Each structure stands twice: as structure tokens, then as C-alpha cells.
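The first residue of the sequence shown is numbered 1, and numbering continues consecutively from there. In this text the structure is predicted, and so the values were computed from the model without any measurement. Computation of the quantities below employed the complete heavy-atom set of this structure, encompassing side-chain atoms and omitting hydrogens, waters and symmetry-equivalent molecules.
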Amino acid sequence: MIDIKQGDCLELMKRIPDKSIDLIVTDPPYLMRYKTGHRKDKNHDFCYEIYGDNDESLIENAINECYRVLKDNTAMYMFCNSNKVDFFKLCLEKSGFKIKNMIIWVKNNWTAGDLKAQFGKQYEIIFLVNKGRCLFNGKRITDVWYFDRVSGNKQVHQNQKPVDLLEQCILKHSNENDVVLDPFMGSGSTGVASLRLNRNFIGIEIDEKYYQIAKERIEIERSRNE
């Protein structure tokens, strides 16, 4: 089952019944108002902020909805920028989630930023949280993960996450035929990873352009599995 929708996740998640989701893997706006300044084409999509990247209430309300729709004793992975980690941590704890790890994703590049007063940032944080207590599958691994970022002409979203990283999340905290939700679907990478691992997927994306990209990527992946 693949069910993807275009629209506001806060509205569309209301249609999801309580305690019906097995795993959430999501990459919400980081509240950084991020946009690239390194493209020659200043009209490129990456030169504009993504929807909701300055809306703290969006994050707080979305986390509450995530807690509601998850089954008991399940997990959520939520990506977060180090600059806003305190806010994300507070919202997760207030909602009822138990923080199990702040995973460090080490990338194969680092940021520019203040070149004279700040060291280059080479990592992002992934919160692993539980609703109740969710046992992981397979052997225990560390909370430092090394995955190359998506870059160059392979990048279709400015904050796109590598599918192999998302696959690790899905493998560790779900089983085949489970339902994986991503309320901030972006370009659909979580959906692609779910299909590859024989999971059901529900995805929501507010931006029409990225929804269409996600729809196309997921359809291509589905055709490969037929």
C-alpha cells in the first residue's frame, strides 16, 4: 500500500486513526530559513526557503500528531539541525516521546558558514524517539552513522536525504508490511526506501512541485518491484 497526498500535514494527519502507524521517519523544516546562495541561477527552487521553515508551531503540532498516530511501543526518527536541537528536544519530550538517541549523521562534506570564526559543520542530528519502548531489529549499532549526502545532479530537493540512510532507519525499527509514515515527504526518499524494503507507506507533502517529484520517484520504484 502506497498512499501519498499533497497538502498540509496537520490537516491530513487528522484523517489518520489513533495508534495506526508502525514507524515514522521524517525530515521536517529545521526552522533555519535555509536557502542556498551558491547557485548561479537565482530563480532555482533551492534559492527559496521551504514551506514552514520559520514556523515553530508547525513543528510542535506535527510532533503531537505523530505521537497520536503511532502505535504503542513504536519508534520515530526525526532529522534536526544542531542550531535548533533544544527546541526539537523540548517538543518531543512534551508530547510524551522518550528520547533514545541523538544520532550523529556524519556526511562527506561540510558547510561554509562563517569561514573565519566557525569550523565547518559535517553532521546532522537524527532523533530516535520511542512511544513506549520499541526494541530494535538485529544487532546493536552505534549512534554515529556515516552516509554520503545526496549531491550534484542527483539532488532533486535541497534537503534530500540518502535512501540508504533511510533504509537503515526502517530496517532497525519496522518489519515487512508495516506502515511507515513521513508527514514531511519532500521528494519521496522515505517512500522509495519503504518500497525497497516491502513496507507500506503514507506520505504527505505541502509543496506541489515536490509532491509531483515524489510521486514520479515512487512510481518508478514501484515499477522496478513489479
Side-chain angles (χ1 to χ4, degrees), residues 1-32 34 45-46 48-71 74-81 84 88 91-92 95 97 126-129 131 150 156-163 165-167 169-170 173-174 177-222:
M1 181 270 291
I2 300 293
D3 182 12
I4 61 172
K5 289 182 169 60
Q6 189 268 320
D8 183 339
C9 68
L10 297 182
E11 292 300 317
L12 293 174
M13 286 178 74
K14 292 177 182 177
R15 305 177 189 177
I16 301 176
D18 294 358
K19 300 184 179 182
S20 61
I21 301 297
D22 296 292
L23 173 67
I24 295 175
V25 181
T26 194
D27 182 23
Y30 284 179
L31 306 177
M32 296 294 296
Y34 174 78
D45 288 345
F46 294 3
Y48 296 90
E49 297 173 18
I50 63 171
Y51 283 110
D53 206 21
N54 61 346
D55 187 355
E56 290 189 350
S57 66
L58 169 64
I59 302 303
E60 185 171 12
N61 292 327
I63 287 173
N64 289 335
E65 280 295 289
C66 287
Y67 189 87
R68 179 186 66 79
V69 302
L70 275 171
K71 296 177 180 177
T74 55
M76 175 170 73
Y77 290 88
M78 178 170 280
F79 288 79
C80 171
N81 184 282
K84 290 292 183 178
F88 276 77
C91 289
L92 288 164
S95 71
F97 281 112
I126 313 169
F127 278 101
L128 167 60
V129 298
K131 179 180 179 179
V150 182
V156 293
H157 189 291
Q158 62 206 69
N159 300 316
Q160 188 174 343
K161 298 302 184 287
V163 172
L165 185 161
L166 300 171
E167 287 178 347
C169 299
I170 292 168
H173 280 93
S174 70
N177 300 313
D178 278 353
V179 179
V180 179
L181 168 67
D182 185 351
F184 298 97
M185 180 173 63
S187 60
S189 298
T190 305
V192 171
S194 297
L195 272 171
R196 291 182 183 178
L197 298 173
N198 196 28
R199 270 65 167 176
N200 297 300
F201 177 70
I202 298 174
I204 302 170
E205 173 54 40
I206 195 169
D207 189 312
E208 173 68 23
K209 288 182 181 179
Y210 288 130
Y211 169 77
Q212 292 298 335
I213 290 171
K215 184 178 180 181
E216 181 179 356
R217 291 182 70 203
I218 288 169
E219 284 301 322
I220 290 170
E221 189 63 34
R222 193 206 296 262

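- Within 6.0 Å of the CD atom in E219, the count of heavy atoms belonging to other residues, nucleotides or ligands exceeds 12.
- Between I4 atom CD1 and I218 atom CD1 the span is 4.5 Å, to the nearest 0.5 Å.
- For the pair L12 and I204, the tightest heavy-atom approach, listed with the atom from each and the gap, is CD1-CG2, 3.7 Å.
- Side-chain atoms of N200 come within 3.5 Å of backbone N or O of N177 as a donor-acceptor pair.
- A heavy-atom distance below 4.5 Å is found between the side chains of T190 and F201.
- How far CE of M76 is from NE2 of H173: 12.5 Å, rounded to the nearest 0.5 Å.
- Between R68 and I16, the shortest heavy-atom distance links the atoms NH1-O, 2.9 Å.
- The two residues G186 and A214 come nearest to each other via the heavy atoms O-CB, 3.7 Å.
- Expressed to the nearest 0.5 Å, how far OG of S95 lies from CD of E65 amounts to 11.0 Å.
- Across all non-hydrogen atoms, the minimal contact from C9 to L58 is SG-CD1, 4.2 Å.
- Between the side chain of R199 and the backbone N or O of A193 there is no donor-acceptor pair closer than 3.5 Å.
- Between the CD atom in E205 and the CZ atom in F184 there is a gap of 9.0 Å [rounded to 0.5 Å].
- Of all heavy-atom pairs between M185 and Y211, the closest is CE-CD1, 4.0 Å.
- The side-chain heavy atoms of K19 and T74, taken from C-beta on, include no pair separated by under 4.5 Å.
- From S57, atom OG reaches atom CG of L10 across 7.5 Å, with rounding to the nearest 0.5 Å.
- With contacts defined as side-chain heavy-atom distances shorter than 4.5 Å, the pair I24/L181 qualifies.
- Across D27, I126, T26, a single residue satisfies side-chain contact (heavy atoms from CB on, under 4.5 Å) together with Y77, and that is I126.
- If you take CE on M78 and CG on D182, they are separated by 9.5 Å, rounding to the nearest 0.5 Å.
- Residue L23 comes nearest to C169 through the heavy atom pair CD2-O, 4.1 Å, listed as atom of the first residue, atom of the second, then distance.
- For the pair Q6 and K215, the minimum side-chain heavy-atom distance is 4.5 Å or more.
- Between Y67 and V129, every side-chain heavy-atom pair lies at or beyond the 4.5 Å cut-off.
- D22 places no side-chain N or O within 3.5 Å of a backbone atom of V180 that could act as its donor or acceptor partner.
- Contact check for P29 versus D55: no side-chain heavy atoms found under the 4.5 Å cut-off.
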> Going through the checks in order, is the side-chain contact (heavy atoms from CB on, under 4.5 Å) test met by S20 and V179?
Replying inline: CA-CA 8 Å; S20 61; V179 179; over 6 Å; no
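- Using a 4.5 Å cut-off on side-chain heavy atoms (C-beta onward), V163 and R217 make contact.
- Side-chain atoms of E216 and Q212 form no donor-acceptor pair, as typed in the model, at a separation below 3.5 Å.
- Counting heavy atoms from C-beta on, the side chains of L70 and F97 come closer than 4.5 Å.
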